[in-house]
Amino acid sequence: MQAAADIVIIGSGMGGATLAAALAPSGRRIVIVERGARLADSPAARDEAAIFARGEFRPPEVWLDGAGVAFNPGNYYYAGGNSKFYGAVLARLRAEDFSPLHHLGGSTCGWPISYGELEPWYQATEALYQVRGCLGQDPSEPAHSGSYPFPPVPDEPAIAALRRRLVALDLHPASLPLGVDLARWLGRGATPWDAFPDTCGGKMDAETVALAQALRHPNVTLLEGAKALRLRAEGSRIAAVEVQRAGQIKRLTAPLIVLAAGAVNTAALLLGSADAAHPGGLANRSDQVGRNFMNHNLSAVLAINPLRANRSVYQKTLQLNDFYLTGGAGGTPLGNIQLLGKISGGILAADTPLPRPVANWIARHSVDFLAMSEDLPNPESRVTLKAGQIVLDWRRSNWQAHLALVARLKSVLRRAGYPIVLARAFDRRTPSHQCGTARMGADRGTSVVDGFCRSHDHRNLFICDASVLPTSAAVNPALTIAALALRAADHIRQTEFAA
Ligand SMILES: Cc1cc2nc3c(=O)[nH]c(=O)nc-3n(C[C@H](O)[C@H](O)[C@H](O)COP(=O)(O)OP(=O)(O)OC[C@H]3O[C@@H](n4cnc5c(N)ncnc54)[C@H](O)[C@@H]3O)c2cc1C
């Protein structure tokens with residue numbers, strides 16, 4: 001079967017949906033191929049046992065790690081992609097992240113574009129996603145050409161008190177930039193939003209914002225439950241996408257193809273599309289597809305004062321970047337600290353061997369942080385395929401910087417009045433901040449796409465998702481992915497739609 005469009009976009013997550021929203025007003029026929037379905041509301045959507053203990057929203061999918069051990073990844077397939085579950089932190093990279101940086105664990109390469117080039121697109125993305133934040137509190141904050149569209153989500157009383165304690169220690173706690181409609185989220189149930197599925201529109205995610213905006217245009221079609229199986233090249237162009245839907249295989253053709261399946265699946269699709277002319281996979285003359293996989297070094301850090309209950313419901317409103325750029329030995333970067341969504345006894349017990357009464361007690365008294373450090377690009381950290389199955393061989397890097405960040409956070413929290421501080425690293429196999437597998441660069445020999453996300457090898461192929469990030473920085477990636485997608489869409493308008 002043959003279906004024609006002007007643009008086929010594979011994936012409706014942060015990159016794909018944002019690009020679709022930007023190109024929709026052009027009137028071009030856009031088909032979005034999305035492997036997942038729309039998330040329907042259900043009691044499970046606010047049931048922590050269903051989400052965290054039983055993993056009901058996770059895919060029934062098995063990947064292999066570098067040692068060949070099978071695991072079920074926390075990688076979500078729904079319209080809106082992983083953003084349906086995200087913590088809705090919509091933060092910019094720091095200006096310095098775009099330049100080469102020396103870290104405790106090695107050096108990073110820098111980006112082919114500067115912060116200044118991306119800044120207008122950050123601004124536009126914050127407007128699109130209705131970000132709530134406050135400028136001027138964060139010492140590492142890059143220059144903004146405008147203010148946030150909405151004021152920050154308010155601290156709950158326990159967090160307002162924590163903020164005061166951190167200020168008294170001469171630190172600079174800052175409001176997290178968030179895409180959350182608080183009243184709407186809490187109207188559906190008094191839970192945090194971090195890692196909970198958004199079935200009520202309370203989060204400004206790729207589906208509720210960008211996909212919804214794109215689909216208001218009659219020229220945009222969403223094919224739900226449609227899995228792209230492979231791309232077909234003819235000469236130097238991508239001629240078609242083979243898509244499986246409802247047991248049928250369709251061949252979709254379009255002059256422009258956008259791959260936005262997320263860093264792991266985008267690499268898997270390109271590698272799995274190898275043919276006689278491209279034995280190493282499509283867009284892969286550089287041999288960089290699948291390489292440089294990064295995922296952030298993350299730890300949950302729980303600060304406990306047995307005499308102080310934390311009655312917060314959502315908690316996630318504050319960050320600390322005092323150690324971001326220069327907190328480490330020799331003035332090296334350590335990373336970002338931000339609050340997690342409020343941990344409950346059920347969430348804690350689902351992820352640890354703690355007996356439930358102990359988990360309940362800890363959760364009642366803890367303030368819960370996320371320490372996030374940069375994972376550096378390494379060509380041996382990679383996605384490959386083994387008989388069609390995804391192999392994710394993540395080689396964690398810069399671990400000493402992460403340990404130093406956790407140590408500094410623990411020391412701060414003890415001084416802020418929390419005598420017990422517990423830390424636990426996130427599971428290696430949770431690829432929530434996956435990026436880097438089709439990196440952007442000026443040199444076609446060492447990168448997969450150019451500074452506008454266009455494949456060096458196939459002019460009619462764009463990659464618009466987390467794959468293109470040349471470095472992971474130590475910032476939640478979604479806003480940057482969306483800003484790059486808006487910038488790529490503008491480039492497509494100028495170069496492909498002219499005349
Ligand atoms: C629990 C959790 C919390 C997070 N919190 C934050 C946060 O607070 N802030 C932040 O910035 N980031 C956060 N992230 C990360 C953020 O969600 C991702 O960085 C972002 O969604 C990645 O965008 P993407 O476009 O690369 O991929 P995705 O958004 O994952 O989109 C990829 C899309 O492609 C589809 N797809 C995949 N394969 C195929 C195929 N073969 N055919 C068709 N469709 C396909 C998928 O179903 C999906 O819809 C979080 C992630 C998780 C899991």
Side-chain angles (χ1 to χ4, degrees), residues 8-19 32-39 51-52 57-59 61 73-93 125 129 131 176-180 193-198 203-207 210-211 222-231 241-245 258-270 272-273 295-296 298 316 319 336 338-341 370 372 390 426 430-438 463-469 472-473 475-482 484-485:
V8 170
I9 301 174
I10 302 168
S12 66
M14 211 63 199
T18 305
L19 184 103
I32 306 171
V33 175
E34 170 51 56
R35 162 180 183 162
R38 281 174 186 268
L39 252 172
I51 300 165
F52 297 96
F57 293 90
R58 293 164 84 98
E61 190 180 34
N75 191 45
Y76 297 95
Y77 301 121
Y78 295 96
N82 281 294
S83 76
K84 293 304 297 176
F85 293 78
Y86 79 160
V89 175
L90 288 166
R92 301 182 181 200
L93 266 59
T125 310
Y129 283 90
V131 180
L176 269 173
L178 290 165
V180 175
W193 55 81
D194 205 359
F196 282 70
D198 178 16
K203 290 193 231 186
M204 305 299 135
D205 61 49
E207 189 239 355
L211 188 61
L222 173 70
L223 293 184
E224 286 176 62
K227 184 177 178 187
L229 299 178
R230 61 183 293 158
L231 277 59
V241 184
E242 278 179 16
V243 175
Q244 186 171 41
R245 191 179 190 218
V258 179
L259 189 44
V264 171
N265 280 291
T266 279
L269 265 169
L270 291 171
S273 301
N295 190 29
H296 284 153
L298 301 171
K316 195 176 178 72
Q319 64 174 335
N336 164 275
Q338 61 187 250
L339 288 169
L340 283 165
L370 178 69
M372 186 187 319
I390 290 175
F426 271 44
T430 299
S432 52
H433 287 186
Q434 59 184 275
C435 63
T437 57
I463 301 178
C464 283
D465 60 20
S467 325
V468 303
L469 270 57
S472 64
V475 173
N476 319 56
L479 187 82
T480 300
I481 296 164
L484 288 169

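All values derive from a computational prediction rather than experimental measurement. Counting convention: from 1, in listed order, for ligands and their atoms alike.
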What residues form a side-chain hydrogen bond (donor to acceptor under 3.5 Å, both in side chains) with T480, not counting sequence neighbours?
-> Y122
Listed partners of L39 passing side-chain contact (heavy atoms from CB on, under 4.5 Å), at least two apart | F57, Y78, K84, F85, P197, T199
Between atom CE of M204 and atom CG of L178, what is the distance when rounded to the nearest 0.5 Å?
-> 11.0 Å
Qualifying residue for side chain to side chain contact (heavy atoms under 4.5 Å, CB included) with V468, from T266, I463, T437, I481 = I463
Quick one: list whatever passes side-chain hydrogen bond (donor to acceptor under 3.5 Å, both in side chains) with N75, sequence neighbours left out.
-> Y77, N82, Q434
Output the distance between atom CG (L298) and atom NE2 (H433), rounded to the nearest 0.5 Å.
-> 6.0 Å
With hydrogens left out, which residues have an atom under 4.0 Å from ligand 1, given that only heavy atoms count?
-> I10, G11, S12, G13, M14, G15, V33, E34, R35, Y76, Y77, Y78, G81, N82, S83, F85, Y86, G87, A88, V89, A195, A226, K227, A228, A260, A261, G262, N265, L269, S432, H433, D465, A466, N476, P477, A478, I481
